[in-house]
Structures are given as structure tokens and as C-alpha cells.
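The structure under discussion appears below in the form of C-alpha cells.
Bear in mind the structure is a predicted one, so any value in this text is a computation, not a measurement.
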Amino acid sequence: MPLAPANQSQLIRSSQKDEYYQVFLRNKASASFQTLAGSKLWLDWRKELELLADLAYHGLTTFSGYQTLGEEYVNVIQVDPSKHKIPSWARRGVFVLCYVFCPYLLDKVLVCLENELNGGQESCNGVRWQHAVSGLWSLELLLKRWMQRALRLLSVSQRKACLPVVPILQHGVTLLHRLHVAFFYINGSIYHLSKRAAGISYVSVTGLSGSDRTIRNSYKLLGTVSVLQLLITICLHFNTWRQRYRARQELKRCRNPSSQRTQCSGSRVTRCILCLEERRHSTSTPCGHLFCWECITEWCNMKC
């Protein structure tokens with residue numbers, strides 16, 4: 001008799017329980033390392049300690065073929081796409097690598113990319129950079145050299161144009177995770193992106209309960225609301241980006257009054273409604289109206 005798929009509440013409780021034990025293991029490893037090596041080295045290597053703690057937790061549970069403490073807590077087991085076999089060593093290895101290393105590597109890449117686009121004066125990881133350069137091998141040093149070779153082909157203006165891409169990628173990763181969670185609420189199959197990449201899902205050992213359909217319907221409603229909220233968030237981000245783009249274009253026109261006068265001469269849109277002259281150093285108030293800088297500051301001083 002085939003086992004029933006695990007529902008959303010079981011997978012969420014399992015993930016929360018695993019996260020609790022992972023945080024506990026991270027804190028113990030950090031405290032031990034700080035006691036033995038001192039606070040300075042702990043600050044330099046705290047992210048690597050967290051990575052090793054997560055690797056140890058999933059290496060001793062998932063990769064070894066056992067249940068994690070969270071999976072044991074809610075009585076679920078991992079299965080491959082056939083739903084009849086436990087995942088192979090390769091699938092479990094892909095999951096552990098994606099779950100543990102991908103967030104760490106992505107953070108390193110984005111930080112180093114941003115620093116190189118800014119001119120390479122900042123370190124790739126704060127005070128850690130000085131220690132990394134002195135070593136025989138370091139991930140930051142390899143990333144720095146690779147990015148320097150890649151960005152050497154770009155001019156200064158092109159680097160400045162690429163600089164906004166970094167926060168867009170950071171926000172994009174967050175939005176992708178939120179979208180995946182929203183679809184998990186709707187279909188209830190896979191909670192983590194890393195498990196989706198490895199093709200790992202869950203079945204419940206205890207079978208279906210009487211409230212399983214009610215639980216799934218409730219999470220479907222939550223998933224629909226989450227998708228709508230995500231769409232609203234994307235629209236707000238796009239509107240904010242558009243307003244910033246318009247502000248930058250307006251600032252460029254203000255810094256070049258000759259071109260502004262040539263392009264917009266005789267237009268009522270570019271006139272200040274206080275002095276009725278062509279706007280100089282255009283300034284926007286919170287209500288969105290545009291004035292000359294001198295006119296609006298003088299008007300504010302009179303009102304005060």
C-alpha cells in the first residue's frame with residue numbers, strides 16, 4: 001500500500017524543528033571556537049563555522065541515510081520522484097550541497113561583485129580579507145581574481161551602470177524564495193528549493209488523518225494570499241525603481257541647465273509656479289510639485 005504524501009503542516013513543523021537543532025549546533029560550535037581561538041578569529045570565521053555546523057547536521061542525518069530530528073518528530077521520510085524508494089546517495093548529496101553551500105557561495109559572490117564594481121577598495125568580507133590574502137588558498141581571493149579578470153573588459157561608466165544589478169539580484173533571490181514558498185502552500189509537495197533541485201519529496205509514515213483535506217485547503221488559501229502579496233510587492237518595487245530613475249534623469253537635467261533650457265524652452269511644465277520663470281535646480285516637495293530650490297526655500301523661511 002503506497003504511503004500518503006506529507007501535508008504542508010508536517011513539512012513546516014519538520015523544517016522548524018531542524019532549524020532549531022541547527023541553530024543550537026551553530027551556537028555550541030561558535031561558543032567552543034570562541035573560547036579556544038578568541039573573539040577575533042571567531043569574528044573572521046563565524047560564517048564558515050555555521051556552514052560546517054549545517055554540513056555536520058545534514059551529513060550525519062540526511063546524507064547518511066537517516067531521518068533528521070525534524071523528520072522523525074513528525075513521522076515523515078524522504079522519497080525520490082518514484083515515491084517508492086528513498087533518495088539515492090547522489091540525490092542526497094545534491095540536496096546537502098545546495099542547501100548548505102549555495103547560500104554561502106551566493107553571498108560571497110554578490111559581496112565581492114559589489115566591491116569590485118565600487119572600485120575594489122572594500123574587502124570582500126570585512127576584516128577577514130586581510131587574513132584570507134595571507135593564506136595559501138581562500139575563496140575570497142579566487143573570487144576577487146576571477147571578477148577582476150571579468151570586469152577588466154568594462155569601462156568605468158559600464159561598471160557604474162552594472163552596480164544596481166547587485167541589489168536587484170539580492171532582492172530577486174528573496175522574491176524567488178517567497179514565490180516558491182507560496183506555491184508550496186498551494187500544492188504542498190516540496191518546501192525547500194534545494195529539495196526541488198534534488199527531486200526529493202516526503203511521504204507520511206502515519207498515513208492520512210481525517211483533517212488532512214482541511215489542512216491542505218487552508219494552506220491553499222494562504223498560498224493564494226501569499227502570491228497576491230508577492231505581486232503587490234513586485235509592483236511596489238517597480239514603482240520605486242521608476243521614481244528613482246525619474247529623479248536621476250531630473251537631476252541630470254538640473255546639472256546641465258543649458259541643455260534643459262534648449263530642450264524645454266517655452267514649455268509650461270518646466271516653469272516654477274512661485275516665480276513663474278523657468279525652474280532652476282528643480283526641487284520636489286512631498287506632494288510631488290516642482291519648484292526652484294531658491295524659491296521653495298525662501299517660501300519655507302517666510303512661513304517659519
Over all heavy atoms of both residues, which pair between [X] and [Y] is shortest? Give the atoms and the distance, please.
X: Asn7; Y: Ser9; value: OD1-OG, 2.8 Å
X: Ser204; Y: Val76; value: CA-CG1, 4.3 Å
X: Pro5; Y: Arg216; value: O-NH2, 3.2 Å
X: Gly70; Y: Ser14; value: C-OG, 3.3 Å
X: Lys83; Y: Ser201; value: NZ-OG, 2.8 Å
X: Arg92; Y: Thr62; value: CD-O, 3.0 Å

For the atom pair [atom1] ([X]) and [atom2] ([Y]), what is the distance rounded to the nearest 0.5 Å?
X: Trp45; Y: Leu52; atom1: CH2; atom2: CG; value: 10.0 Å
X: Phe63; Y: Leu55; atom1: CZ; atom2: CG; value: 9.5 Å
X: His171; Y: His237; atom1: NE2; atom2: NE2; value: 5.5 Å

**Report entry** Centroid separation His58 to Phe95 less than 6.0 Å
**Finding:** yes

Just by distance, do the side chain of [X] and the backbone of [Y] share a donor-acceptor pair under 3.5 Å?
X: Ser15; Y: Leu11; value: no
X: Ser32; Y: Ala29; value: no
X: Gln8; Y: Tyr185; value: yes
X: Asn217; Y: Arg213; value: yes
X: Arg91; Y: Ser88; value: no
X: Asp107; Y: Pro103; value: no
X: Thr283; Y: Cys292; value: no
X: Thr61; Y: Tyr57; value: yes

Any side-chain heavy atom of [X] sitting closer than 4.5 Å to one from [Y]?
X: Leu51; Y: Val100; result: yes
X: Tyr21; Y: Leu69; result: yes
X: Leu193; Y: Tyr99; result: no

**Report entry** Qualifying side-chain hydrogen bond (donor to acceptor under 3.5 Å, both in side chains) pairs with a residue from residues 66-75, counting only residues at least two apart or across chains
**Finding:** Asp18-Thr68, Glu71-Gln78, Glu71-Tyr202

Query raised in the report: Any Lys/Arg nitrogen of Lys108 or Glu114 sitting under 4.0 Å from an Asp/Glu carboxylate oxygen of the other?
Result: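 Salt bridge absent between Lys108 and Glu114.
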
Query raised in the report: When Leu110 is tested against each of Leu105, Val165, Leu169 for side-chain contact (heavy atoms from CB on, under 4.5 Å), which residue passes?
Result: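 With Leu110 as partner, side-chain contact (heavy atoms from CB on, under 4.5 Å) holds for just one option, Leu169.
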
